[in-house]
Amino acid sequence: MLLIRGTAGGTALTGTLYEPGEEPPEFSGAPDEGTPYVWVCDAFYEVESGGQVQAIGDRELRIAFESPMPRGFETRDAAIDAAKEHIRTQFARVGVAGDSVTVSVQRAEEA
């Protein structure tokens, strides 16, 4: 299991990449069992009201979360590339430039 974390503006977002032989969570929308790599991470966006207050950089904004959407991949490299893009996209949705997001990959047992 790999943890893929993006940090920017004093906050972080971490998702999980399940590798072959590991049990990804089972819930509606999960990919077929035959997919060797499964990426699961929150998705969020800024809202005018409601949501959860979050400080990012010098801004305080309201964030609403979407249900995690697991995605299946045939190769580890494809899964990691998609995970990095997903994390950068989430930060971009709240006004943080993708190139300012630092992304790290580490084994869960090393965290």
Side-chain angles (χ1 to χ4, degrees):
M1 180 181 322
L2 300 177
L3 300 179
I4 303 174
R5 175 184 300 249
T7 57
T11 194
L13 172 63
T14 304
T16 305
L17 178 61
Y18 295 88
E19 297 182 289
E22 297 174 339
E23 289 283 328
E26 293 183 19
F27 50 90
S28 178
D32 295 335
E33 290 180 19
T35 306
Y37 296 89
V38 177
W39 165 247
V40 180
C41 188
D42 287 333
F44 54 84
Y45 54 96
E46 187 173 4
V47 293
E48 294 282 326
S49 63
Q52 180 179 354
V53 176
Q54 176 70 45
I56 299 178
D58 61 350
R59 296 177 56 215
E60 190 171 273
L61 53 148
R62 295 185 172 278
I63 303 289
F65 288 87
E66 299 172 350
S67 297
M69 180 55 91
R71 294 177 55 198
F73 297 90
E74 292 298 320
T75 68
R76 185 176 192 258
D77 288 343
I80 290 173
D81 288 346
K84 289 178 178 179
E85 182 63 26
H86 173 87
I87 288 171
R88 287 189 176 99
T89 297
Q90 299 316 298
F91 277 99
R93 292 172 92 181
V94 294
V96 176
D99 60 356
S100 68
V101 179
T102 301
V103 179
S104 64
V105 178
Q106 74 180 114
R107 293 222 161 270
E109 59 270 10
E110 296 169 0

*For the side chain of His86 and the backbone of Asp42, is there at least one donor-acceptor N/O pair under 3.5 Å apart?*
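It does hold such a pair.
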*Sub-3.5 Å donor-acceptor pair from the side chain of Arg93 to the main-chain atoms of Arg88, do we have one?*
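Flag not set: sc Arg93 to bb Arg88 has no pair under 3.5 Å.
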*asked:* Please check if the number of heavy atoms outside Glu66 that lie under 6.0 Å from its CD is greater than 12.
replied: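 More than 12 heavy atoms, drawn from other residues, nucleotides or ligands, come within 6.0 Å of this atom.
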*Salt-bridge present (Glu48, Arg62; N to O < 4.0 Å)*: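 No, Glu48 and Arg62 are not salt-bridged.
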*Run the numbers on Glu85 and Gln90 for side chain to side chain contact (heavy atoms under 4.5 Å, CB included), then give the verdict.*
CA-CA 9 Å; Glu85 182 63 26; Gln90 299 316 298; over 6 Å; no
*Would Arg5 and Thr102 satisfy side chain to side chain contact (heavy atoms under 4.5 Å, CB included), going step by step from the backbone distance to the final call?*
CA-CA 8 Å; Arg5 175 184 300 249; Thr102 301; over 6 Å; no
Below 4.5 Å, heavy atoms only, C-beta onward: do [X] and [Y] meet side chain to side chain?
X      : Y     : answer
Phe73  : Thr75 : no
Val40  : Tyr18 : yes
Tyr37  : Pro20 : yes
Met1   : Leu17 : no
Thr14  : Ile4  : no
Val47  : Leu61 : no
Val101 : Val96 : yes
Glu19  : Leu2  : yes

*For the residue pair Phe91 and Ala8, what are the closest heavy atoms and their distance?*
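Heavy-atom minimum between the residues: CE2-O, 3.8 Å.
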*Should Ile80 and Val103 be counted in the same cluster of Ile, Leu, Val, Met, Phe, Trp and Tyr side chains packed under 4.5 Å apart?*
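Yes.
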*For the hydrophobic clusters of this structure (ILVMFWY residues joined by side-chain heavy atoms under 4.5 Å, transitively), does one cluster hold both Ile87 and Tyr45?*
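No, Ile87 does not connect to Tyr45 through the hydrophobic network.
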*Would Thr11 and Gln54 count as a side-chain hydrogen bond (donor to acceptor under 3.5 Å, both in side chains) if you check the C-alpha gap in whole Å, the side-chain angles of each, and the deciding distance to 0.1 Å?*
CA-CA 9 Å; Thr11 194; Gln54 176 70 45; 3.1 Å; yes
